[in-house]
Engineer: 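Pasting in a structure now, in structure tokens, and then I'll have a few things to ask.
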Number of protein chains: 2
Amino acid sequence: MANAREKEQFLQYLRGRGQRVTGERLALFEEIFSQHGHIDAEELLAAMKARGLKISRATVYRNLDLLVESGLARKQRLGSRGFLYEHVHFGQQHDHLVCTGCGRVVEFVSLGIAALQGEICRAHGFVPTRHTLQIAGLCNRCAEASAASDTAQSRGEVPAHV
Amino acid sequence: MANAREKEQFLQYLRGRGQRVTGERLALFEEIFSQHGHIDAEELLAAMKARGLKISRATVYRNLDLLVESGLARKQRLGSRGFLYEHVHFGQQHDHLVCTGCGRVVEFVSLGIAALQGEICRAHGFVPTRHTLQIAGLCNRCAEASAASDTAQSRGEVPAHV
DNA sequence: CAGATTGTTGAGACGAAATCTCAATAAGGA
DNA sequence: TCCTTATTGAGATTTCGTCTCAACAATCTG
């Protein structure tokens with residue numbers, strides 16, 4: 001299994017805190033680690049039901065937070081509403097480009113930005129625990145599409161202010 | 001008046017779209033430009049009522065969004081819930097350090113990070129319209145405080161995974 | 001393995017934040 | 001001043017998430 005290591009980490013996290021290894025927790029773990037992209041709690045709930053597992057909304061939310069606490073998942077607001085979750089492979093940190101046209105999310109990693117963030121924190125005596133960087137805009141496909149029908153300006157669209 | 005230029009921009013934005021210059025809009029503009037930090041819609045509503053203006057919640061939300069569209073305000077999630085608004089002086093873009101201890105928000109500007117973001121967008125054929133960068137952690141004051149009473153580890157706190 | 005202990009679950013109530021509805025109002029033009 | 005129509009206010013509604021508590025089940029103990 002590809003997630004053996006993360007699964008072991010999860011089990012140790014639970015046992016180390018006297019928490020129980022339940023069927024619901026394992027099922028949720030499997031589900032989120034079988035997903036590639038970002039997923040929200042409601043979708044996750046639906047996905048579990050679609051698999052024939054009965055699990056309640058409260059349990060999904062509770063255990064999603066548990067996965068975040070254990071360091072195995074990240075919770076972020078990528079759209080305008082709600083949280084999205086994604087699994088984490090070995091603390092691999094990445095940031096996001098979010099297309100406001102089609103909703104596509106592209107991940108990227110920048111060591112340069114990470115280094116500059118470190119410098120900024122040092123300069124402010126700030127001890128960072130996590131960060132969020134999102135760049136919203138149009139992906140290549142949507143940018144071309146909107147360049148074609150270019151009456152956007154005259155329709156009073158929101159001007160870009162980067 | 002210090003905001004004359006921004007106010008003019010707002011009026012032009014409204015007129016250019018055939019939208020009306022109402023007392024509520026002007027009052028809201030004054031209020032948000034008289035605030036220094038970040039403020040949420042409910043606080044803004046309360047502040048307006050405290051000034052003796054009667055204005056409804058719906059109007060506050062609607063016009064806050066209008067200010068954002070006009071480029072005069074930014075809307076961001078800085079805490080775990082709700083949006084915070086801040087006024088914008090001339091597209092002056094900045095990012096945030098958010099202390100998870102005391103809630104303090106520190107602003108910073110990094111040209112280096114901005115440049116790297118530009119490169120990343122170019123590499124992905126992505127046309128950015130805006131971005132959000134937040135670094136959560138402990139500010140200098142809170143970091144010292146927690147270093148003092150350092151039994152946190154043994155109490156099973158969430159480990160930092162930057 | 002049975003029984004006790006106590007963490008976990010499910011269903012729905014609850015809460016906060018934000019949006020929507022629609023009749024009444026008022027801004028801007030004629 | 002009158003007309004057209006954008007805007008407002010009050011409250012209902014939606015969305016997203018958390019809380020409550022009795023029933024359940026994971027784990028420990030003898």
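The chains referred to below are lettered A, B, ... by the order of the sequence lines, with proteins before strands, and numbering in each begins at 1.
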Engineer: In residues 44-55 of chain B, what residues come within less than 4.0 Å of DNA chain C, judged by heavy atoms?
Structural biologist: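 The stretch gives none, as no residue of it lies under 4.0 Å from the strand.
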Engineer: Starting from P on C:dC20, measure out to CG on B:D65 and report it in whole angstrom.
Structural biologist: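 After rounding, the reported distance stands at 10 Å.
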Engineer: Could you tell me which non-hydrogen atom of B:R74 sits nearest to which non-hydrogen atom of B:H131, and how far apart they are?
Structural biologist: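 That closest heavy-atom pairing would be NH2-O, 3.1 Å.
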Engineer: If you take all heavy atoms of B:A41 and B:V60, which pair is closest and at what distance?
Structural biologist: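 Nearest heavy atoms, B:A41 then B:V60: O-CG1, 3.8 Å.
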Engineer: Considering every strand and a 4.0 Å limit on heavy-atom distances, what is the contact class for A:R25: base, sugar-phosphate, or nothing?
Structural biologist: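 If one applies the 4.0 Å heavy-atom cut-off, A:R25 turns out to touch the sugar-phosphate alone, with no base involved.
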Engineer: Nearest whole angstrom, please: distance from the C1' of C:dT9 to the CG of A:L28.
Structural biologist: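 After rounding, the reported distance stands at 13 Å.
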Engineer: Quickly work out the A:D40 CG to D:dT15 P distance and round it to whole Å.
Structural biologist: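 Taking atom P of D:dT15 as the reference, CG of A:D40 is at 13 Å.
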Engineer: Would you kindly compare B:V21 and A:N63 by the position of their nearest DNA chain C nucleotide and give the one closer to the 5′ end?
Structural biologist: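 This one resolves to A:N63.
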Engineer: In terms of side-chain heavy atoms of A:R20, which of C:dT9, D:dT5, C:dG7 is nearest?
Structural biologist: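 Out of C:dT9, D:dT5, C:dG7, the nucleotide with an atom closest to A:R20's side chain is C:dG7.
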Engineer: Taking the six-membered ring of A:Y85 as reference, does the cationic atom of A:K75 (NZ for Lys, CZ for Arg) lie under 6.0 Å from its centre and within 45° of its axis?
Structural biologist: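 The answer is no, since A:K75 fails at least one limit relative to A:Y85.
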Engineer: Rounded off to whole Å, could you give me the CG-to-P distance for the B:L64 and D:dT7 pair?
Structural biologist: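 Rounded to whole Å, this separation is 16 Å.
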Engineer: Return the value, rounded to whole Å, for the distance between atom CD of B:E43 and atom C1' of C:dA18.
Structural biologist: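 Going from CD in B:E43 over to C1' in C:dA18 covers 16 Å.
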Engineer: Would you indicate what A:E42 reaches in the nucleic acid, counting non-hydrogen atoms under 4.0 angstrom: base, sugar-phosphate, or nothing?
Structural biologist: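 Touches nothing.
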Engineer: Please work out which of the three classes, parallel, tilted or perpendicular, describes the rings of B:F29 and B:F10, given edges at 30° and 60°.
Structural biologist: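 Aromatic pair B:F10/B:F29 classed parallel.
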Engineer: Any side-chain N or O of B:S56 under 4.0 Å from OP1/OP2 of D:dG11?
Structural biologist: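 No.
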Engineer: Examine C:dA18: is either OP1 or OP2 under 4.0 Å from a nitrogen or oxygen in the side chain of B:Y61? Give yes or no.
Structural biologist: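 Yes, within the criterion.
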Engineer: So does A:T59 get a side-chain nitrogen or oxygen closer than 4.0 Å to the phosphate oxygens (OP1/OP2) of C:dG10?
Structural biologist: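 So the side chain of A:T59 is within the cut-off, an N or O lying under 4.0 Å from OP1 or OP2 of C:dG10.
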Engineer: Rounding to a whole Å, what distance do you find between A:L14:CG and C:dT6:P?
Structural biologist: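 A:L14 atom CG is separated from C:dT6 atom P by 19 Å.
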Engineer: Kindly point out which of C:dT8, C:dT19, C:dA11 is positioned nearest to the side chain of A:Q19?
Structural biologist: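 Per side-chain heavy atoms of A:Q19, the pick is C:dT8.
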Engineer: On DNA chain C, compare the nucleotides closest to B:G23 and B:G82; which residue's is nearer the 5' end?
Structural biologist: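 Result: B:G82.
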Engineer: A:L26 CG to C:dT9 C1': how many Å, rounded?
Structural biologist: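 Rounded to whole Å, this separation is 15 Å.
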Engineer: Is B:L14 reachable from B:L67 through a run of I, L, V, M, F, W or Y residues, each pair having side-chain heavy atoms under 4.5 Å apart?
Structural biologist: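 Both belong to a single hydrophobic cluster.
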Engineer: Kindly give the heavy-atom pair with the smallest separation between A:S110 and B:L116, and that separation in Å.
Structural biologist: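 The answer is OG-CD1, 4.4 Å.
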Engineer: Between A:R15 and A:R57, which has a closest nucleotide on DNA chain D that is more 5'?
Structural biologist: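 Whichever sits nearer the 5' end wins; that is A:R57.
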Engineer: A:E24 CD to C:dA11 P: how many Å, rounded?
Structural biologist: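 Distance, rounded to whole Å: 11 Å.
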Engineer: Does any donor-acceptor pair link the side chain of A:R62 with the base of D:dG17 at a separation under 3.5 Å?
Structural biologist: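 A donor-acceptor contact between them is absent.
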Engineer: Decide yes or no for A:L84 and A:Q76: does some side-chain heavy atom of the first lie under 4.5 Å from some side-chain heavy atom of the second?
Structural biologist: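 Contact flag for A:L84/A:Q76 side chains = no.
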Engineer: When you measure from the side chain of B:H87 to the backbone N and O of B:I32, does any donor-acceptor pair fall under 3.5 Å?
Structural biologist: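 Yes: the side chain of B:H87 pairs with the backbone of B:I32.
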